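Quick caveat, the model's predicted, so the values are computed rather than measured.
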Amino acid sequence: MDIRDDTPQALTPGNTVTDKSSPQVYRRLRLITVIATFGGLLFGYDTGVISGALPFMSLSPEKGGLGLTPLTEGIVASSLVLGAAFGALHGGRLADRHGRRRTILGLAVLFFLGALGTALAPGLKVMVLFRVLLGLAVGGASATVPVFIAELAPAEHRGRLVTQNELMIVTGQLLAYTSNAVIAKTVGEGGVWRWMLALATIPAVLLWIGMLFVPESPRWLASRGRFDDAARTLDLIRDAGAVDAEFDEIKRRVTADTDPPQASWRDLGTPWVRRIVTVGLGLAVLSQLTGVNSIMYFAPKILLDTGLGTQAALTATIANGVVAVIAVSTGMWLLGRYGRRPMLLTGQVGVTISLVLIALCFLLLPESNVRSYLVLASMLTFLLFMQSCIATVFWLMLSEIFPLRLRGFAMGIAVFGTWMANFVVTLAFPPLIDAVGGTTFLIFAAINVATFVFYLRTIPETRGRSMEAIESYFRRQFAN
């Protein structure tokens, strides 16, 4: 499915934008992106750190833990995810109402308070409370940061700049896995998990300071009728010769929209809006039902079940983070050469095969080091396909397919679906793998087969199209 447009900025099938920003402008855009994606770094760290903290939190209070059971392990891990679902839903609306930049500033404060609260938690109830608070920040960032970057980026750089957020997410997870192993080795047991959780306060402070110097999205400014401010922002992040054409296209789209400026649930009554939100929600939910977070959150537990010791499992988990960073970097390179659709479909095939291999290792091989390392190798293969082909495309497409007037609102709905699916997987995985073992991964494999069919039938190609051209396509395609 190709996207065409009948505006003066039309792009015919097979064509992509070829104008390149000057090195000076591109460096400015990269700097803004790095600052904003500290939200992604925190997202990754706060979701990844729990994998190493849980074995120590499960120790008895006398040994410095919280005495967690398999059920309460799932509750602690999933409480952040539940908070993230509602953080995404409301964060998107706040970003529409108050601006992307101001919303991210507020999220930085929540990140700091949540990290500090979890590190100092005296018991399970306080831990869950602050994990939910931290989740609000994670969800808000997941809905706001990709949209903010997409609205700042020119079409020819949008793929690379938006996927920088995914790179920061997996970098945050790698940082979590590495620091977990180092802290566990140097601090010893006791309250070691508190140091793991407290480390997240540092990037939260850096995010807040950095966002003070970043401009607001020109597209959000234009959507609020602040055209002079939008033009000034474009002057900062575009070459002089490109400003007028892009500004005219943004202004034409905003002024042509006769709907009220504030998005609401009533907008879902419009057929084309309802259809594109459904597509986005499906993309969001199914990306989590790959089973990725069963591996990212519970990798040490999975490896412990194969026979590895605690320290060996924590150290081996670092490989997950390394592969994820390499895979996302590879995905960023691939996005410049291939379309979104073929990458997404290739990723689905790869993760399905990997899940089947993990299941077979559990079901057919006896407990041994050989089984442990075969499971680890299959997990790494899964992450290679997931992070390079699915995760990069998933966050990128969600940031670019929704119309400007309700972009934050629709993104919030989609990412709410992401986190609710994540919540179900995170809560269910520990008792599920305890009950049926490796068969759990066969269940995920079956879901991925159905996901492949859904993507094949519904996901369009958006590479090289301006955000305004994408919106025009969906208006026409889903008009009835």
Side-chain angles (χ1 to χ4, degrees), residues 5 7-9 11 17 19-22 24-37 39 91-105 141 143-162 164-165 210-257 259 261-263 396 398-411 462 464-472:
D5 195 11
T7 68
Q9 300 297 318
L11 292 167
V17 179
D19 295 335
K20 300 296 182 182
S21 301
S22 68
Q24 181 180 2
V25 168
Y26 186 64
R27 283 194 297 271
R28 190 175 299 149
L29 284 166
R30 284 292 303 273
L31 177 60
I32 292 170
T33 300
V34 168
I35 292 170
T37 55
R93 301 196 73 174
L94 288 173
D96 277 346
R97 185 177 299 119
H98 301 295
R100 318 320 190 192
R101 175 179 172 273
R102 289 175 65 185
T103 299
I104 295 172
L105 279 167
T144 306
V145 172
V147 165
F148 178 61
I149 298 169
E151 291 184 343
L152 288 170
E156 71 271 19
H157 296 310
R158 191 171 64 240
R160 184 171 182 83
L161 291 177
V162 173
Q164 177 74 33
N165 189 58
M211 287 303 297
L212 295 175
F213 301 97
V214 168
E216 180 56 271
S217 157
R219 286 177 166 84
W220 181 82
L221 291 168
S223 73
R224 289 300 180 268
R226 297 167 57 181
F227 294 110
D228 290 342
D229 291 335
R232 280 192 288 271
T233 298
L234 283 174
D235 283 335
L236 292 173
I237 58 175
R238 297 289 187 273
D239 291 313
V243 171
D244 290 343
E246 186 168 353
F247 177 75
D248 288 344
E249 187 179 11
I250 294 171
K251 187 173 182 179
R252 182 168 50 250
R253 171 54 60 201
V254 170
T255 54
D257 197 338
D259 293 324
Q262 187 62 50
L396 173 57
L398 284 188
S399 73
E400 65 188 6
I401 63 174
F402 299 122
L404 173 60
R405 191 181 64 81
L406 45 76
R407 187 165 292 142
F409 174 68
M411 182 73 164
T462 59
R465 277 62 178 168
S466 72
M467 297 180 83
E468 288 69 35
I470 294 170
E471 180 175 342
S472 294

side-chain contact (heavy atoms from CB on, under 4.5 Å) with V162: which of I149, T37, V145? I149
Could you tell me whether the side chain of R252 reaches within less than 4.5 Å of the side chain of E249, counting heavy atoms only? yes
Nearest heavy-atom contact between W220 and A95 is NE1-O, 3.4 Å
P215 versus I32: any side-chain heavy-atom pair under 4.5 Å? yes
Side chains of F227 and V254: closer than 4.5 Å at any heavy-atom pair? yes
Do side-chain atoms of T144 reach the backbone of A141 as a donor and acceptor pair under 3.5 angstrom? no
Does D96 use its side chain to pair, donor to acceptor, with the backbone of G408 at less than 3.5 Å? yes
Do L152 and P218 have side chains that get closer than 4.5 Å, going by heavy atoms? yes
Residues A143 and G92: closest non-hydrogen pair is CB-N, 4.4 Å
So does R226 pair up with E216, basic N to acidic O under 4.0 Å? no
Reported OG1-to-CZ distance for the pair T33 and R160, which is rounded to 0.5 angstrom: 10.5 Å
Taking every heavy atom of P154 against every heavy atom of L29, the minimum-distance pair comes out as CD-CD1, 3.7 Å
Just verifying a value: how many Å separate I250 CD1 and L234 CG, rounded to the nearest 0.5 Å? 5.0 Å
Given 3.5 Å as the limit, does a donor-acceptor pair link the side chain of R100 with the main chain of V147, or not? no
Rounded distance [0.5 Å steps], CZ in R158 versus OG1 in T462: 6.5 Å
Please give me the minimum heavy-atom distance between P146 and S399, naming the atom from each residue. O-CB, 3.6 Å
Calculate, to the nearest 0.5 Å, the distance between atoms CZ and CD1 belonging to F148 and I104 respectively. 5.5 Å
Lys/Arg N to Asp/Glu carboxylate O, R219 vs E246, below 4.0 Å: yes
Gap between atom CZ of R93 and atom CG of L406 - 0.5 Å precision: 10.5 Å
Atom CZ in R238, atom OG1 in T233: separation rounded to 0.5 Å? 10.0 Å
Under-4.0 Å salt bridge between D229 and R232: yes
Does a side-chain heavy-atom distance below 4.5 Å link R30 with H157? no
